[in-house]
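Accompanying notes for the structure given below.
Just so it is clear, the structure is predicted and the values come from calculations on it, not from any experiment. Worth knowing before you read on, the calculation uses all heavy atoms, side chains too, and leaves out hydrogens, waters and symmetry mates. Each chain gets a letter, A, B and so on, in the order its sequence line appears, and its residues count up from 1.
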Amino acid sequence: MIIAAAEKPRVVIILGPTAAGKTRAAIEMAPRFSGEIISADSMQVYRYLNIGTAKPKAEEQRSVRHHLIDVVDPDEEYSAARFAEEAGLCIEKIIAQGKVPFIVGGTGLYIDSLLGGLIEGPPADPELRAYYKRHAVQHGSSDLHQLLHRRDAAAAARIHPHDTVRIIRALEVWEYTGRSIVSRQRDHGFKEERYYCIKIGLNAERSHLFERISERATRMIQDGLIQEVEDLLSRGYPDRCLPLQSFSYRSVMEFLKGKLSIEEMHSIIARDTRHYAKRQLTWFKRDNHIVWFKPRESDRIEETVRQFLESPDTRPVD
RNA sequence: GGGUCGGUAGCUCAGUCGGUAGAGCACGGGACUGAAAAUCCCGGUGUCGGCAGUUCGAUUCUGCCCUGACCCA
């Protein structure tokens, strides 16, 4: 008896730095291939954060089915692991309907953990994290790094003494499993390959991208970003909660406290967004499976997606 | 017209008792495995306003010019 190898689910990924035109491209492409969109954006999962996260507008979300937008409240926790799990379920459902999943977003870690899985490890322990964070504030992050060094020297060697977030995660993994986070990372490398995918990268010339970022910041303010923040605060969400600490929102709160003029607020939002775009590009650059396009190259993108969807399931050669 | 204080990196400024200069931010590069729009690391990119003088050597001292702010007329 011959057992045919089960084909891996086919998914289309659209990724790239912020403001490169991913949303637009996705809304244009998905209907042509009877696709549904799964947002891979760590901020668009939050309800009520619409303008500042450049969430697709209501009518855009109606034109194509969207998933993993507005799934948690702003004071809830979300994580790469949860994303990978939920996005995986969405993919199953979409494929069961004979449709094509389009994963669209700029959160590189989310995309990689969906495609390649995360290392085995304990979930976040908020109390433990708060405890170590206090320690770092009182004694300095280097002191916390010393503590990690005593328990898990291999992890300490790979994590910078100032990188509090990673020091804490390494300690968390150590305490729950008694094993080093690095021994797990070493062989993992997001290599799992759960899906057969094409990665469409969207990017523009740096100067052009920066112009788009500045224009978008202007538009967000015109569209009512300040009101959005006031609404969030009046709903009772504390300004400390994670999504409100993200770049578009924290500057608005500084403005509301009178610490920034509106012009300063705009330029700081634009600056922080530029920095973010650069970090995203650094993340994506090391992935040589991405096929890069400029914004507005719909025809070429469509052609590439079509070839991928019609091709037999053979992995492209590196 | 006279006077005072300025002109140094993209911006704000420091500095050189004469040996061609350095901070913050911007900007560039990088890391990243359950916080990732988070967190962190590395990098100075320059006719020192212009021209002349003194000097072995001038961004630094002198003179003139240009230019900005302020003050007096």
Side-chain angles (χ1 to χ4, degrees), chain A residues 15 17-19 39-46 49 51-55 72 74-86 105-126 128-130 132-133 136 141-142 144-145 155 158-173 176-177 180-192 206-207 209-210 213-214 216-217 220 240-252 264 267-287:
Chain A
L15 51 76
T18 188
S39 161
D41 185 302
S42 65
M43 287 297 131
Q44 293 183 2
V45 296
Y46 292 106
L49 285 83
I51 298 168
T53 62
K55 208 176 269 178
V72 288
D75 55 355
E76 277 182 69
E77 281 184 21
Y78 204 78
S79 67
R82 186 164 163 193
F83 172 80
E85 157 105 37
E86 291 175 356
T107 305
L109 175 64
Y110 280 17
I111 295 171
D112 286 351
S113 38
L114 169 65
L115 302 180
L118 286 165
I119 56 162
E120 260 180 68
D125 176 341
L128 188 88
R129 289 183 180 192
Y132 282 132
K133 201 167 182 177
S141 62
S142 298
L144 199 63
H145 190 260
R158 277 200 40 208
I159 299 170
H160 193 277
H162 294 168
D163 195 346
T164 317
V165 168
R166 287 200 172 71
I167 296 169
I168 292 175
R169 176 58 181 163
L171 285 165
E172 192 172 58
V173 171
Y176 275 91
T177 66
S180 171
I181 189 168
V182 299
S183 67
R184 308 207 159 176
Q185 286 173 349
R186 200 177 304 127
D187 303 312
H188 185 275
F190 295 113
K191 297 193 285 255
E192 216 175 288
R206 187 65 61 95
S207 58
L209 185 69
F210 282 9
I213 286 171
S214 176
R216 198 170 71 176
M220 281 180 182
R240 294 174 303 284
C241 68
L242 200 92
L244 283 176
Q245 288 303 319
S246 68
F247 54 72
S248 294
Y249 293 93
R250 62 178 169 223
S251 300
V252 175
E264 288 169 327
S267 70
I268 291 173
I269 290 173
R271 181 200 64 190
D272 290 348
T273 311
R274 291 196 296 271
H275 291 171
Y276 173 54
K278 224 163 91 57
R279 271 179 274 133
Q280 289 176 298
L281 284 166
T282 301
W283 181 282
F284 292 132
K285 263 184 218 167
R286 65 182 170 184
D287 185 343

For the residue pair Phe247(A) and Tyr276(A), categorise the inter-ring angle as parallel (less than 30°), tilted (30 to 60°) or perpendicular (more than 60°). tilted
Between Glu172(A) and Tyr176(A), is any side-chain donor less than 3.5 angstrom from a side-chain acceptor? no
Walking RNA chain B from its 5' end, the first of Gln185(A) and Tyr46(A) to be reached, judged by nearest nucleotide, is Gln185(A)
Ala124(A) has a side chain; which of A38(B), G34(B), A36(B) sits nearest to it? G34(B)
Please determine whether a side-chain nitrogen or oxygen atom of Thr282(A) lies at a distance below 4.0 Å from atom OP1 or OP2 of G30(B). yes
Between atom OH in Tyr110(A) and atom P in A38(B), what is the gap in whole Å? 12 Å
Donor-acceptor pair under 3.5 Å: do we get one between Lys285(A)'s side chain and the base of G30(B)? no
Using a 4.0 Å heavy-atom cut-off, does Asp112(A) contact any base of the nucleic acid, only the sugar-phosphate backbone, or nothing at all? nothing
Between protein and nucleic acid, restricted to nucleotides 40-43 of chain B and to nitrogen or oxygen atoms under 3.5 Å apart, what atom pairs and distances do you find?
| unit_1 | atom_1 | unit_2 | atom_2 | d |
| --- | --- | --- | --- | --- |
| C41(B) | OP1 | His162(A) | ND1 | 2.7 |

Can you tell me the distance, in whole Å, between the OH atom of Tyr78(A) and the P atom of U33(B)? 19 Å
May I ask which nucleotide in the shown strands pairs with C40(B), Watson-Crick or G-U wobble, both distances under 3.5 Å? G30(B)
Could you write out each protein N or O paired with an N or O of nucleotides 9-13 of chain B at a distance under 3.5 Å?
none

State which of A36(B), A26(B), A38(B) makes the closest approach to the side chain of Phe247(A). A38(B)
Tell which nucleotide pairs with C25(B), taking only Watson-Crick or G-U wobble pairs whose two distances are both under 3.5 angstrom. G10(B)
Go through the side-chain N and O atoms of Arg216(A) and Thr18(A) and say whether any donor and acceptor fall under 3.5 Å apart. yes
